[in-house]
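Below is one structure; the comments refer to it alone.
In this chain, residues are counted from 1 in sequence order.
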Amino acid sequence: MENSFINAEGWYDDASNGPVTATVSIEGRDIPVDPAWVVTAPPNYAPDLIAVRTLYDLLVDLYVQNHWMEVPARPSFVNDVYPILQRMSGLQWVNRGFATQFGHGAPTDFENPEHVARLARDPKAGGFDTWGELRRQVFNAFRLPEPKDDNPTPWPWEYGDADAIPGFPNSPRQNLALTDTQHLTLQRWAAGQFVPDWPADGRPVHEVGKLPVAEQPEVLTRAALHFCLADAFHPGCEVTWPIRHLSMFTAPFRIRVRPAGVPEPDYGPTLTQAQVLASDGPLWAQGPGDLTRWMGLPWQEDTAFCRSGYDPGYDPYLPTFWPARVPNQVLSEADYRIVVDPHRPREEREAAFNRRAEWTRLLGPDSDPVAQMMNMVSHFGNQGVVLPREGVKGDPLFPPVILVENAVIPPEKKGLLKALAAPAAAPAAAAPPEGHGPRERFRGRAEYVRARALAAPEGTVTEAVRE
């Protein structure tokens, strides 16, 4: 679909990528080094939160499946198991559905020290595996890596690549599953085959300098990818589906670089699937800009419109897209002030803590999604960032650290909400798709994606086909 809002030819922004090379010399001796790759991605509106499946997790699984890496026979609870569980509790600050089930004081609070201690307990302690059935139930709650249906109930409650894609009705890929490696890790943990290394004080090491020197290089590699998303590639936030192909790499975490002076082949006016997968196709050697060229332009469309609860008859908040980067529901500054005010009635404070505001409310009414996307292009800097603030200490209802949206409207900008509610002028290269005027609304991103995919010329690699 050429020159549509999601594929605006001539649109330029700061989303970019490319190789970085260096020479290293120590005391006059040259040290061999490999090139690296840098990606400049759209803003991260929840910088302290981690996705259930990170880009690091995805790549490790890719390398494991192709025998470049191995899964530990006995995974570490601290390094391998707990991060998967804790991330779902972390999403309580960006999605109300996750807050209800995994949030502070919720039935499955993976940040509750007593609950975590049970999950981390040595299966051999006391001569009986006291919490073995608890581990098994947690493991069984996750979706299988190759699900048989589109049931949205299993964890994690996130959309997959095939959500809202024409031609994939009721596809199992509509919902996200753990990687095979993550699933195997949890399976071994549930069976009691893990290292019970949870510290007695419940505080794992978070500083690289305090780790053994031999572990530090791997941690630095992980850190570079830990805050990047793997799913759903619809199309994604930092990079998208090509990164799943081993042909893109020369070694673990090393992008295959196209040699200087070697131009990319001309694939003609239509890029076919056969060309994409060919040995001289775009999934092999990469040049500057190649990793992000598959993303939507402008990036603001997906950021503003990949949300949660597309089927409110099932649940108004779940499943969700990318909440660790693009929040759905957040704790507002006004409600935060009520929560931490000890002079307020307790019922009022509890209500404020559980009440969450829609993160996109500054973009205008949901009845006009095209205008919302236009406003995101013009006003994305006004969207709130979810950041940690001091909470309430020693109170079972409220955590000691609370993540709060920082979108505070100052008095001198009282007219901002009204201005944002009015459609902004569209960039010349980013006009809405033809026929999508004010009288032709879309009921959420799902219909928008269906419409643009159906309008694409047959045989082209559209976003829908690629994914």
Side-chain angles (χ1 to χ4, degrees), residues 50-91 102 108-126 128-146 154-156 176-208 210-228 230-231 252-253:
I50 310 301
V52 179
R53 277 182 58 165
T54 68
L55 187 55
Y56 179 83
D57 295 326
L58 182 146
L59 293 180
V60 166
D61 184 68
L62 173 67
Y63 306 143
V64 167
Q65 302 307 320
N66 289 276
H67 308 290
W68 284 13
M69 297 177 69
E70 295 183 356
V71 182
R74 296 181 69 240
S76 158
F77 182 82
V78 169
N79 298 324
D80 303 317
V81 176
Y82 183 62
I84 300 173
L85 308 179
Q86 185 278 329
R87 291 168 190 169
M88 294 195 293
S89 288
L91 296 181
F102 305 106
T108 318
D109 182 0
F110 288 119
E111 294 180 345
N112 180 334
E114 294 181 0
H115 187 45
V116 176
R118 298 185 188 110
L119 299 172
R121 179 168 170 168
D122 187 344
K124 300 181 179 62
F128 179 74
D129 191 356
T130 305
W131 300 108
E133 177 59 16
L134 177 60
R135 296 196 309 273
R136 186 179 298 109
Q137 290 187 18
V138 170
F139 168 70
N140 287 337
F142 282 90
R143 183 173 289 107
L144 295 173
E146 296 294 336
W155 300 347
L176 178 67
L178 298 178
T179 67
D180 289 330
T181 301
Q182 286 179 309
H183 189 265
L184 178 59
T185 294
L186 291 185
Q187 186 177 47
R188 290 176 174 173
W189 164 72
Q193 301 169 7
F194 68 100
V195 179
D197 52 358
W198 188 252
D201 61 2
R203 298 178 181 178
V205 175
H206 291 292
E207 297 180 27
V208 176
K210 293 183 179 180
L211 294 170
V213 174
E215 297 179 14
Q216 292 181 16
E218 192 277 333
V219 170
L220 292 174
T221 298
R222 180 190 294 240
L225 300 165
H226 181 69
F227 291 91
C228 299
D231 310 281
F253 311 110

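- Counting heavy atoms from C-beta outward, L119 and V138 have side chains that approach closer than 4.5 Å.
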Check your understanding: What's the verdict on side chain to side chain contact (heavy atoms under 4.5 Å, CB included) for L178 and R143, showing C-alpha distance, side-chain angles and the deciding distance?
Key -> CA-CA 7 Å; L178 298 178; R143 183 173 289 107; over 6 Å; no
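- Atom CD of Q86 sits about 10.0 Å away from atom CG of D109, to the nearest 0.5 Å.
- For P199 against V78, the heavy-atom pair with the smallest separation is CD-CG2, 4.0 Å.
- One N or O on the side chain of S89 and one on the backbone of F102 form a donor-acceptor pair closer than 3.5 Å.
- What you find for G192 and P123 is that their closest heavy atoms are O-CG, 3.6 Å.
- Ring pair W155/F142 is perpendicular by interplanar angle, where above 60° counts as perpendicular and below 30° as parallel.
- Defined by atom type and a distance below 3.5 Å, a donor-acceptor pair is present between the side-chain atoms of S76 and D197.
- Atom CD of Q137 and atom CZ of R135 lie 12.0 Å apart (nearest 0.5 Å).
- Rounding to the nearest 0.5 Å gives a distance of 5.5 Å between CG of D80 and OG1 of T185.
- A donor-acceptor pair under 3.5 Å links the side-chain atoms of Q216 to the main chain of L211, judged by distance alone.
- Between W189 and F77, the two ring planes are tilted [angle within 30° to 60°].
- Using a distance-only test at 3.5 Å, with no hydrogens or angles considered, a donor-acceptor pair links the side chain of N112 to the main chain of E114.
- Salt-bridge annotation for K124 and D129: absent, with no side-chain N of the basic residue lying under 4.0 Å from a carboxylate O of the acidic one.
- A donor-acceptor pair under 3.5 Å is formed between the side chain of Q182 and the backbone N or O of T179.
- For the atom pair D61 CG and N66 CG, the distance stands at 9.5 Å (nearest 0.5 Å).
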**Study point:** CA sep, side-chain torsions, deciding dist, call: L59, L225, side chain to side chain contact (heavy atoms under 4.5 Å, CB included)
**Key:** CA-CA 9 Å; L59 293 180; L225 300 165; 3.8 Å; yes
Point to revise | Worked check of side chain to side chain contact (heavy atoms under 4.5 Å, CB included) between Y56 and V60 | key: CA-CA 6 Å; Y56 179 83; V60 166; 3.6 Å; yes
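- Between D57 and R87 there is a salt bridge, since at least one side-chain N of the basic residue sits less than 4.0 Å from a carboxylate O of the acidic one.
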Point to revise | Intermediate values then yes/no, side chain to side chain contact (heavy atoms under 4.5 Å, CB included), H183 and L144 | key: CA-CA 8 Å; H183 189 265; L144 295 173; 3.7 Å; yes
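- With T54 contributing its side chain and I50 its backbone, the two residues share no donor-acceptor pair below 3.5 Å.
- Interatomic distance, CZ of F139 versus CG of L134, reported as 14.0 Å (0.5 Å rounding).
- For an aromatic pair to be called close, the ring centres must be under 6.0 Å apart, and F110 with Y82 fails this.
- Looking at R188, its side chain never comes within 3.5 Å of a backbone N or O of P75 through a donor-acceptor pair.
- In this structure, L186 CG and R136 CZ are separated by 14.0 Å, a value rounded to the nearest 0.5 Å.
- In the displayed structure, E133 atom CD is contacted under 6.0 Å by more than 12 heavy atoms of other residues, nucleotides or ligands.
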